[in-house]
Each structure stands twice: as structure tokens, then as C-alpha cells.
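Just below is one structure, and these are the notes that go with it.
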Amino acid sequence: MIDATGTAEGWKRFVTVFLVALSGSVVCVYLFILLVDPYGIIPFSLPFERRIVSISQAFVYPQIVLSKKYDSLIIGTSTSRLLDPEYLGGRFNVRLANLAMNAMRAWEQREMIDYFGRRVGPPKVLIVGIDRVWCDQDADVVRHNPYGWPNWIYDDNRWNDYLYLFNQPTVEIAVRLMGNKLGLYRERIRFDGFEVFTPPESTYDLDRARQHIWQDVKPETSSNPTLLTLSLAEKASLSFPALKWLDETLQSLPISTVKVLAFMPVHIAEQPWPGTKDAAVEAECKTQIVEIARKSGSKVVDWRIHSPITREDVNYWDNIHYRLPIAQRIQQELADAILKGKDSHDGSYHILVR
Amino acid sequence: MLFQSQFYVAVFLPIVMGCYYAAAHSERARHWVLIASSLFFYTWWDARFLPLLLGQIGATWFLTTYHRCSSSLVPLRIGILLNLASLATFKYLDFIIDLIEAAIGFQLPRANFVLPLGISFFSFQLISYLIDRMRGDAPIYPLRVFALFVLVFPHLVAGPIVRHNELIPQLVLNPLREGVYRRLSTGFIIFTVGLAKKVLLADRLAPVVDPLFKKAHLQMLSLGEAWSAGLGFSLQLFLDFSAYTEMAIGTALMFGLLLPENFVRPYLSSDIREFWRRWHISLSTLIRDYLYIPLGGSRNGPLRYVLATIVTMSLCGLWHGAGWTFVAWGVWHGSGLVLHRGWQRVGYPLSKMAGWLVTMVFVLVGWVLFRSNNFATAWAILSSLTGSNGYSGALQGGTTLVIAAVVSFFMPSAHEIKDRFALPYPALAVGAAALVVFCLLEVGKGAPSNFIYFQF
């Protein structure tokens, strides 16, 4: 039978080719994803060592946990990412992974600590890099970072992961992983989560850094900064939703876990200007964190102060990110402060809870 | 369930098609397959509205059947009022309360009803059937066939609005009848075109358009931003809605059913009348036949014509949403149609290009009103379009805008593809399959986004 624009046989062949091509492609792509398992999360994938070839941290870090190579973790935002878990693990005598992520929200940090606990067990050492996200008054509203947070990976159901893997970024990472196995594509993040994400030190330009540090900053001054405190009513009206999560998380850990809260050293341009209401609010948040830490037997070290580190532009790439030598100094000071109770020789940090 | 979702393409559609074709030789069995799958499709979103949908269908059918016994028109009038009342309650109640509030001067409680999905579409379909019945143009159908006419999932949620005499005769035809492979093939192609338009173009325009309309809520835009917002939304709306229609028509063809044409490259229109012959055709012909002509149309003098046009287009605007910006959009288009007719009478025809340019600017201004949440936002964008806030800024999303414009201007309509451009070349089949896979991978990045017309 002849149709207007082709024979019936031709149309039949079209249907066959379309269905075979479509179903064949879908099956092949999906099978490739499942066998390569680029996030290292699903049961029954090919058994080979997976390196981290993507910077989509929320997606690729769970495999670090699932590998069970590590018994301790660092969590936080990008201000904690330059802490080398190899160095700190050696000092604390544990196997430490750095699971801090760029722009990681407080809720996500809590989720990651919880995930670690469920998959590996209570950590031997937990270091939480404390940033503004813990004091955000809308922390319970803005729970996720802008880069995406795959709740399906962090739940207890590993079988539902199959529903979320058929997408372009996953295919791309799977291809990269194969490329890495063939020596064509480099590892992007060390398997313990450590990555020097700042530019090479040789390219550092102080003038440019100053532009990044001081852009959009309008220092506010108070005639009598030391006297600006919040009234009881103002304190009562403050709400730090994330601190409830911090409290619950720390309380849930056994006494044997070494719990460290470290206020990370952002530049003074990023810190609230002394004497302002923002500074008073932050001080109140710090006070509450210290109380939470005391209840759970945690140690608290504070670099988020005006200090020889945070006052010097030359220590920073921008208002948040310090340079690699500073990172090395902080990790050394952190280990000394926690393990030896050593105070800072130049006031770069305060030990708030020993 | 969204047409572009992985679940729809990879699970729902293959299973339903398998069952449908397995039951092809039994009319009753394949009807039940379509009814069951359509109910599943609808309840996937929100099962709460299923009683409303089934209630409207059941009441309409019961009243038409009763009318046959009583021969009085009262049951049919009651049916029309019931469907209108349902639409008024769920879609317009808060709008009506707003009007009363403005009149009496004190606050009243709001209903805050959630809009049942597709209510504007299935209510209009039922009303058109009741009117046809009053005119003696519609038979009484068996309940199963009548329910299927409304429920069949490709057109249930956002059209094309199908009339009983367009669809019901097809429901009795065996889908395995002659031409089955051609229908399947063209269905696959048309669906693929719609899927690609939605996923690769319309959804990529949204991040350009949405922030600009949001920004205009608070402040004026630069010239570049205003034109990005206006052009971007004009293209996004067309690509989004025509993509939905193509996926609907493509899906229906896979089941051996032909749905009516809804868009024929409307942005090539060189006058506003032509635009309405090419844009949302199933709605414009419906309001022409059931509203404009009964109101007097164009054959009862100029005054009656103006009145009929403005009233019809205002109600068309209101059909899209319970808000004054929608009414203003309708009045804007009604005025445009009246002016166009007047200009024709004067006898100074514009060149094709000048006519196109005037029409497109006119349509764009209308879309700004249509998209804005209030008149202040619309005014901020419209005045920024003229450069009242300076002449700075560049077009945003430039490459996407250009590709979207080219596709909008030149992509053949669903029926044109079916009749002229779908050819049984194996290479085309492979290309279409590859495009579907690519779109599915793209959709898998996150939750698929709704179609704009779902809110109407």
C-alpha cells in the first residue's frame, strides 16, 4: 500500500529504526552509567578504584564516606577546604577526610555529619569550620547551596539512586572517570577531599586581592563601639536556627569523639564592623555556640577576630579566602591548640573552650 | 505528569501504548485502557481534583441525556451554568471578592482555592458540547465515549481544545487501521520536535525572562533588559505552549487520534487578524463560534462589531487568568482587531514588512501586559522599552534568543510536519531518537519545569 509520502513498508521501517535506536541508546547510556557509577554510590557497579574527577562536591564526596577509608572528618565551607586532612590526621593520629564544600549551608553540614555517622559510625575526630552560615537567621529557609544538593544520595535508600542517574552531568563525569582510568583525564580532588582550589601562589597580586577584599565594603564606625550591646529583649528576638542543629549533632556524638569547633579566619572586611549591631548579633551567636560546645564537651578555637592574620590584606585572595601559607599556619595552630592547649603567641586566635 | 519527564517518555507512554495496541481490536477494552491511563495521568499531579473533573463530566452527560427525554432546554442551560459555576468558583472567586471588596470598601475573607489543573480547558470543552446540543448539532454519546472525549490524556490538561465532533468519531476507529505506521512515525517526529522546543529552548529562556520581570516589579529596566524581557517572553511563551501542543498532537497520533492544529507560525503574521488565525487556534475558533458570532460578529453594523470584538477578547483575556492585566491584554488585542478593520476600510495597506513589524511590536506589548503581575511592572517594562530609562544595556541570552526566534519563525506546525515534512527516512528516525535521548538527559538534570499554560 502506497502512502502519500512513502510506502507502508517504509513507515514500518521508520518505526522500527526509531524504537530500536531510542531504546538501544537509552539502555546503552544507562548501562554505561550504572557500570561506571561515577558517584560510587550504587550497588552492583564495576569494582574498580574511582578517583574524584568532578568538582561537584555534593555529588562526589559521599563516595569518600562510603569507601570507609576514613574515620574522622572536617566539615565547613570553602574557608575550611585548605585544611590538609593528611597533616591534621597525622597530628590527631586518625584517618581524616576533608568534606567541607564551597558555600555549604549549615543544614548540609549537619546532613553530611549525619551521613558519615550512619555509613561509617561516630567519627573519632570532628572538626567543624564555623562560618557565618551557622549564624544566619534564615538558615532554616535557605537550607541548600546554589550548586545543588542531591538529597537522594544522602538518604538511607541506595536503591532510589537509580532514578536520578540518567542525566547529562552524570554521563559527563562517567566519561571523565573512564578517561582517568585510561590516563587521559586528571584527578580533580584528592580522594580524602583535599584540594588547593586557590590559584597558584606564584600568580598572587596584592593590588588585585585588595580590590576583591575591599569591593562593596563600607566600614561603619560607632562613636563608642565597646559599649554597643544588645538588650535582653533584642537578644530574645534573635533566632539562630542552625544552632539547634549544631547542638543536636554534637549531643548525638559519643564522648569519645574529639569535637572541635573552629571559627575560621575571614578578613576583617568580611567580619561585622566593631560597634555595629551586626557585630553585637555575631557576638551573641558566638556566645551561644560556646554554650553549646560546653554542653557537649567540644573544644572551640576562634580565628574570626581582628588579628595579625585577618588584618593583613596580603594574607588573602579575597575577603573570605586566605592563602595557602596561612592555611598551613592555621592547621598547625589548630593541632597545637587542641592537642597541647597552646595559646597563640601573637593573638591570631583565642581558645574559647578547652 | 509532564510530557517531557523521563517517567512519561520511558515508562508511562510505552506501557500505555503496549496495552492500547494489545487491546486494539476491542473498542471497549482500548477505551478503558485510555480512560484508566488518563485518570492515572491526571491524578499524578493532584488526586483531589479528580472528583471535580469526573463530576463535571458526569453531570454534563446526565443533563444532556435527561434533555433527550424531556426535550426541554432547561437541563442544558443548567449544565452550562454548572460548568461556568465550577470555573467561576475555582478560578475567579477571589477575583470576584476583590471586586466586591473594592465596591463596599472593607475586607472580606478569601477562598484561596488551588486551581484545578486543566479546568479552563475541560470546562470549555463541556460547555461547547452543551451549546452544540442546544443548537441540535450534537448527538448523545454513550457515557464511556463521552468521558473519553474529555479525559483522553494528550489534550486533557492544556489542549488543544477539542470539540466532540472532531474527536469522538475517531475513538471508534481501530488504531491498527491502514496507515498505522505512518501515524506512529509522524507522532514520534512531532513529539520529538515539541520535546526539543520545550527542553532546549523554552526552558532556557526562563532564566533570562523571569529575573527581569521580577526586577521590573521593583525598578525600571535598561533598554537592553527591557527588550530582553519582552522578546524573551514572547518567544518563551510561544515555544513553551506550542511545544506542549506538539507533544499532545504527537502523543495522540501514536494512539491513532488526530488533534486539531493549534499554532501555525504566528510570529510571521503581518496583521493582528492573521495572528489570531495562527495563535492558539483551538481557543480562538471556539470563542469565535460560541461568543463572538452570538454577540453579533461583524455582520450587524460597526457598533455591534466593536462591542462583540472587545467583549469577546476581554473574556478571552479573563479566561487566561483572574486578573486585570489579563483583561487589559484582551482589550488591547480587541482594540487591535478593531483598529485593523478600520485601517482596512481606510484603504492604505501597509507593506508586508511594515505590517509584520507593527504586528510584532503590538503583540510584544500585549505579552508584557500578559506576563506582568501588575500594571506597575508592565509600565516599568513598556516605558523602558522606549528608552525612557536610558539607552544602555545589551540583549541578554542573545544566542538562545536568536535560535528561539529562528525556530519560532520557521519551524513547521504540527500538521504541516504530519502532511509535508515527515518522511520515512531511517536517518531521520535515528536523528529523532538521538534528540529524544539528548532531551531526556537534559531533563534529568533536575525536576522538569511546568508548562506556562498549566496556570490558565
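If you're wondering where the values come from, they're calculated on a predicted model, not measured in any experiment. The sequence lines fix the lettering, A, B, ..., with proteins before strands; numbering per chain opens at 1.
- For B:Leu440, the parts lying under 4.5 angstrom from a heavy atom of chain A are both the backbone and the side chain.
- The shortest heavy-atom contact between A:Ala242 and A:Ala139 is CB-CB, 3.8 Å.
- Only the side chain of A:Val171 has a heavy atom closer than 4.5 Å to any heavy atom of chain B.
- If you measure heavy-atom distances from A:Val20 to chain B, you find no contacts under 4.5 Å at all.
- Chain A is approached within less than 4.5 Å, heavy atom to heavy atom, by no residue from residues 12-23 of chain B.
- Heavy atoms of B:Phe438 lying under 4.5 Å from chain A are absent altogether.
- Between A:Tyr154 and A:Trp149, the ring planes are parallel. Angles under 30° get that label, and only those over 60° would be called perpendicular.
- Residue B:Leu257 forms a side-chain contact (heavy atoms from CB on, under 4.5 Å) with just one option from B:Leu173, B:Thr251, B:Val152, and that option is B:Val152.
- A:Pro62 and A:Ile153 make their closest contact through CG-CG2, 3.4 Å (heavy atoms, listed as atom of the first residue, atom of the second, distance).
- The backbone N or O of A:Arg105 lies less than 3.5 Å from no partner atom in the side chain of A:Asn145, so there is not a single donor-acceptor pair.
- Using the six-membered ring where Trp is involved, A:Phe14 and A:Phe18 have ring planes that are parallel, under 30° apart on the 30 and 60° scheme.
- Using cut-offs of 30° and 60° on the angle between ring planes, the pair B:Phe7 and B:Trp44 is parallel.
- Contacts between A:Leu165 and chain B at a heavy-atom distance below 4.5 Å are absent for every atom of the residue.
- Each of B:Arg265, B:Lys198, B:Lys197 was checked for a side-chain contact (heavy atoms from CB on, under 4.5 Å) with B:Ser242, and the lone residue meeting it is B:Lys197.
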